[in-house]
Number of protein chains: 2
Amino acid sequence: MLDINQFDQINPPARLLMGPGPINADPRVLRAMAAQLVGQYDPSMTGYMNEVMALYRALFRTANRWTMLVDGTSRAGIEAILVSAIRPGDRVLVPVFGRFGHLLCEIARRCRAEVHSIEVPWGQVFEPQAIEDAIKRVKPRLLLTVQGDTSTGQLQPLAELGEICRRHDVLFYTDATASFGGNALETDAWGLDAVSAGLQKCLGGPSGSAPITLSEKLEAVIRRRQHVEEGIRTEAHQDGEDERIASNYFDLGMVMDYWGPERLNHHTEATSMLFAARECARLILQEGLDNTIARHALHGAALLRGVQGLGLDTFGDPDHKMNNVLCVRIPEGIPGEPVRGLLLNDFGIEIGTSFGPLQGKIWRIGTMGYNARKDCVLQTLTALEAVLRRLGFRAPEGGGAQAAWDYYDQQAADAS
Amino acid sequence: MLDINQFDQINPPARLLMGPGPINADPRVLRAMAAQLVGQYDPSMTGYMNEVMALYRALFRTANRWTMLVDGTSRAGIEAILVSAIRPGDRVLVPVFGRFGHLLCEIARRCRAEVHSIEVPWGQVFEPQAIEDAIKRVKPRLLLTVQGDTSTGQLQPLAELGEICRRHDVLFYTDATASFGGNALETDAWGLDAVSAGLQKCLGGPSGSAPITLSEKLEAVIRRRQHVEEGIRTEAHQDGEDERIASNYFDLGMVMDYWGPERLNHHTEATSMLFAARECARLILQEGLDNTIARHALHGAALLRGVQGLGLDTFGDPDHKMNNVLCVRIPEGIPGEPVRGLLLNDFGIEIGTSFGPLQGKIWRIGTMGYNARKDCVLQTLTALEAVLRRLGFRAPEGGGAQAAWDYYDQQAADAS
């Protein structure tokens with residue numbers, strides 16, 4: 001028998017979240033979520049939905065009409081695009097450079113795609129030529145890419161891939177969950193047909209809402225699979241010629257009809273998460289998207305200097321490092337998990353562990369969203385130095401924070 | 001070019017949401033959502049996840065281990081259960097008595113089920129015998145039911161169906177989205193193998209999180225479709241013998257592994273929505289679930305008396321009315337939408353329109369969750385009376401609120 005008096009109100013411990021995400025939400029985003037609800041067809045609600053579309057068009061740097069939210073975590077955004085775009089039997093090509101490339105393969109297989117992948121060792125990214133060669137060989141209908149893979153901290157250059165896809169008549173998707181808002185992403189200029197993201201990384205919000213954008217070309221692909229459900233369909237509604245999408249919740253044709261002027265009932269929009277998504281975008285656009293990206297670059301570089309100042313090595317190709325995630329090699333003789341444990345329990349600071357081939361070999365430290373700040377970087381470095389010393393690693397005294405601090409001062413001097 | 005200064009902070013108009021849901025969230029739930037985030041494997045976070053499981057076991061009246069949240073709206077909870085339980089080609093039986101029965105058929109078809117349905121006219125429910133007859137004829141693997149269908153305000157009795165399903169070796173699911181917390185639901189006593197719900201109806205929270213519970217029998221069905229994704233799988237992980245689930249996001253085997261002791265990474269739990277879900281359950285269990293259901297019955301009955309006092313007819317079988325939704329026939333000569341418009345714009349009160357065969361024929365008025373309160377009922381009735389009078393309907397003067405008030409007084413007298 002459950003004793004309800006054992007359950008107090010929500011009161012999480014204070015944490016500075018410096019892992020690969022989720023990170024601390026901007027307090028203004030949390031306050032936006034505390035707003036009272038309105039009905040799903042209230043003019044104020046549909047007004048907010050339209051504003052969300054406009055705000056995310058600016059963030060995605062696109063004119064795409066269909067720029068909206070999928071109600072679920074970033075993985076829901078990925079699956080909604082894949083299951084809506086991929087017809088069973090379609091060939092897809094996935095360049096895999098970390099865990100989230102494997103995830104795209106996994107989801108595509110569940111969409112009954114014929115999945116072809118190419119791989120580079122973890123810590124590297126692909127040359128455009130390698131991707132074009134694979135496209136020529138595989139002749140896929142879709143190219144599925146990850147922009148920033150937090151498992152390796154690497155950022156795949158995408159700028160040249162759209163032109164390659166256009167030449168070979170391939171639909172071009174990227175999962176920008178971990179990179180969006182902290183690294184450049186130009187949906188239209190780079191020729192992307194679909195992008196999905198999440199709030200819990202550089203956007204400074206909680207997990208649970210997935211902004212997406214779809215090109216006209218992808219819209220047409222989805223419309224050919226159109227199906228309006230019984231109970232709300234009328235004689236004016238006709239089914240498309242291609243096979244129906246194998247999900248109702250993720251049927252982006254239905255999601256478009258809900259976000260579009262017909263406002264055809266589908267799910268009940270997750271209002272509080274929409275409020276959060278709107279505030280995340282609004283705050284970045286107030287700062288200026290280029291400024292937000294530059295802020296991520298600054299604090300990511302300062303963290304790198306600090307980690308190097310501690311005498312630690314980093315992992316991965318430094319030329320293709322994400323601004324917002326740094327992979328740090330666990331030094332020989334130092335146990336990785338106890339370092340994370342002392343940081344969390346005695347300093348309230350969380351850094352990330354790692355997956356698959358890198359398990360036990362690296363830590364992952366994030367500087368993103370609300371936590372892409374000088375105080376977060378300096379606190380993390382001083383705490384990490386103290387913990388390493390406590391466990392017997394001889395770091396140059398004060399080397400971490402001082403090196404980062406020097407970098408900040410130098411950048412400020414250069415800018416003035 | 002978007003001018004960000006045009007976008008102010010979230011500031012929705014004050015609304016009293018008396019439709020079929022979503023309704024106003026309990027302010028304590030909104031405050032819970034404003035709590036700062038913690039990491040997804042932080043001991044406090046996994047502790048909250050375990051607490052959510054315990055709290056929802058009490059709400060679902062079940063000992064089921066796998067009682068947890070799907071990160072999406074209530075429709076996501078439905079689809080997660082259906083796509084995980086239904087193998088392509090499986091026969092399912094759906095008794096349809098409103099729009100949401102059609103939705104179950106629709107989702108089941110997308111899971112490539114062989115879908116059989118039986119129907120009663122909107123406004124009625126099924127006798128258990130009719131369902132057993134259909135089970136004998138169809139021999140389904142699953143029976144998919146809706147407990148409360150807001151499109152008709154009807155509540156399907158489920159208590160006898162579990163025994164029928166057991167006799168015929170049928171898995172028994174119900175969609176309790178609209179009824180859960182406001183009407184009795186006994187998962188174990190009624191022999192349910194799976195139930196899904198949402199926060200935005202009687203639980204008094206926002207849309208965006210779907211509590212579900214799964215029996216051991218259903219767990220075994222799902223485990224036979226087990227698949228651990230590459231990037232996190234180890235040699236200890238083996239695939240099941242049945243066809244892999246056609247969704248990654250909704251693969252409840254993976255969701256169990258994330259909520260279970262292995263804590264295998266899947267999605268990043270939507271922390272703020274989990275905080276909301278926990279607070280919704282905690283508040284109901286503080287009140288006492290039976291008391292919460294009785295409160296819904298009281299205010300639903302008072303609204304009914306008030307509507308009758310206004311000289312309006314109701315729709316549907318009164319013996320099977322949901323406690324929390326009342327379908328009111330739009331009186332002849334009175335235009336339905338202008339009534340809703342005046343209520344919303346001049347009184348800030350929202351009542352619901354309707355779907356399909358009932359479109360333009362009924363309004364739907366809800367009394368649920370935080371809004372299952374005397375003041376909400378009386379305000380709605382006085383406003384409705386004023387609006388009807390303004391549009392030329394001759395209601396007995398003061399008849400609505402007075403009749404409801406009399407009912408409240410009588411109930412209070414009877415109780416004392």
Side-chain angles (χ1 to χ4, degrees), chain A residues 2 4 7 10 12-13 15 17 19 22 24-25 30-40 42 44 51 54-55 58 71-73 75-76 79 99 102-103 106-107 110 200 206-208 229-232 244 246-249 267-273 275 278-279 282 285-286 350 355-356, chain B residues 2 4 7 10 12-13 15 17 19 22 24-25 30-40 42 44 51 54-55 58 71-73 75-76 79 99 102-103 106-107 110 200 206-208 229-232 244 246-249 267-273 275 278-279 282 285-286 350 355-356:
Chain A
L2 177 139
I4 191 62
F7 293 77
I10 289 284
R15 300 293 197 213
L17 302 178
N24 298 88
L30 296 174
R31 283 202 300 272
M33 297 184 78
Q36 187 48 275
L37 306 180
V38 289
Q40 62 173 325
D42 194 289
S44 65
E51 286 187 4
L55 291 164
D71 282 9
T73 70
R75 183 178 288 233
E79 185 160 321
R99 183 195 161 196
H102 287 301
L103 177 63
E106 156 85 21
I107 297 175
R110 301 218 186 194
Q200 77 276 15
S207 169
E229 70 192 49
E230 272 183 67
I232 58 169
R244 190 182 302 183
S247 168
N248 173 292
Y249 193 70
H267 63 284
T268 298
E269 185 60 19
T271 310
S272 304
M273 289 307 308
F275 288 172
R278 180 182 176 283
E279 190 67 359
R282 193 177 75 97
L285 292 168
Q286 274 187 348
E350 181 184 272
F355 295 110
Chain B
L2 178 138
I4 191 60
F7 294 78
I10 288 285
R15 299 293 196 211
L17 301 178
N24 298 89
L30 296 174
R31 283 202 299 273
M33 297 184 79
Q36 188 48 276
L37 307 180
V38 290
Q40 62 172 326
D42 194 289
S44 65
E51 286 187 4
L55 291 164
D71 282 9
T73 71
R75 184 177 287 233
E79 184 159 322
R99 183 193 161 196
H102 286 301
L103 178 62
E106 155 85 19
I107 297 176
R110 301 216 188 198
Q200 76 278 14
S207 169
E229 71 192 49
E230 271 182 68
I232 58 169
R244 191 183 301 184
S247 168
N248 173 291
Y249 193 69
H267 61 286
T268 298
E269 185 60 19
T271 310
S272 304
M273 289 307 308
F275 288 172
R278 180 183 177 283
E279 190 68 358
R282 193 177 76 96
L285 293 167
Q286 274 187 347
E350 181 185 271
F355 295 110

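Residue numbers start from 1 in every chain, and the chains themselves are labelled A, B, ... in the order their sequence lines are given, proteins ahead of strands.
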Could you look at A:Gln36 and say if it's the side chain, the backbone, both or neither that has a heavy atom under 4.5 Å from chain B?
both

Go through the atoms of A:Met273 and report whether side chain, backbone, both or neither lie under 4.5 Å from a heavy atom of chain B.
side chain

Chain B contacts, top residue of A:Gly39, A:Gly72, A:Ala32, A:Ala54 (heavy-atom pairs, under 4.5 Å):
A:Gly39

Examine whether an atom of A:Leu285 lies under 4.5 Å from a heavy atom of chain B, and if so say whether it belongs to the side chain, the backbone or both; otherwise answer neither.
both

Let's test your reading of the structure: which of B:Ala35, B:Pro22, B:Pro206, B:Ala76 forms the most heavy-atom pairs below 4.5 Å with chain A?
B:Ala76

Partner residues of B:Glu269 under the salt bridge (Lys or Arg N to Asp or Glu O under 4.0 Å) criterion, sequence neighbours left out:
none

Let me know if A:Leu37 has heavy atoms under 4.5 Å from chain B in its side chain, its backbone, both or neither.
both

If you count heavy-atom pairs within less than 4.5 Å of chain B, which of A:Gln200, A:Glu106, A:Glu350 leads?
A:Glu106

Would you mind telling me which of A:Arg31, A:Met33, A:Arg244 has the largest number of heavy-atom pairs within less than 4.5 Å of chain B?
A:Arg244

If we define contacts as heavy-atom pairs under 4.5 Å, which of A:Asp42, A:Thr268, A:Ile10, A:Leu2 has the most with chain B?
A:Ile10

Mind checking salt bridge (Lys or Arg N to Asp or Glu O under 4.0 Å) for B:Arg278 and listing every partner two or more places apart, or none if nothing turns up?
B:Glu51

In terms of heavy-atom pairs under 4.5 Å with chain B, the winner among A:Ala246, A:Ser44, A:Gly208 is A:Ala246

Can you say whether A:Gln286 sits under 4.5 Å from chain B via the side chain, the backbone, both, or neither, judging by heavy atoms?
both

Less than 4.5 Å to any heavy atom of chain B: does that hold for the side chain of A:Thr73, its backbone, both, or neither?
both

Search all heavy atoms of B:Asn248 against all heavy atoms of A:Arg110 and return the closest pair with its distance.
N-CD, 3.7 Å

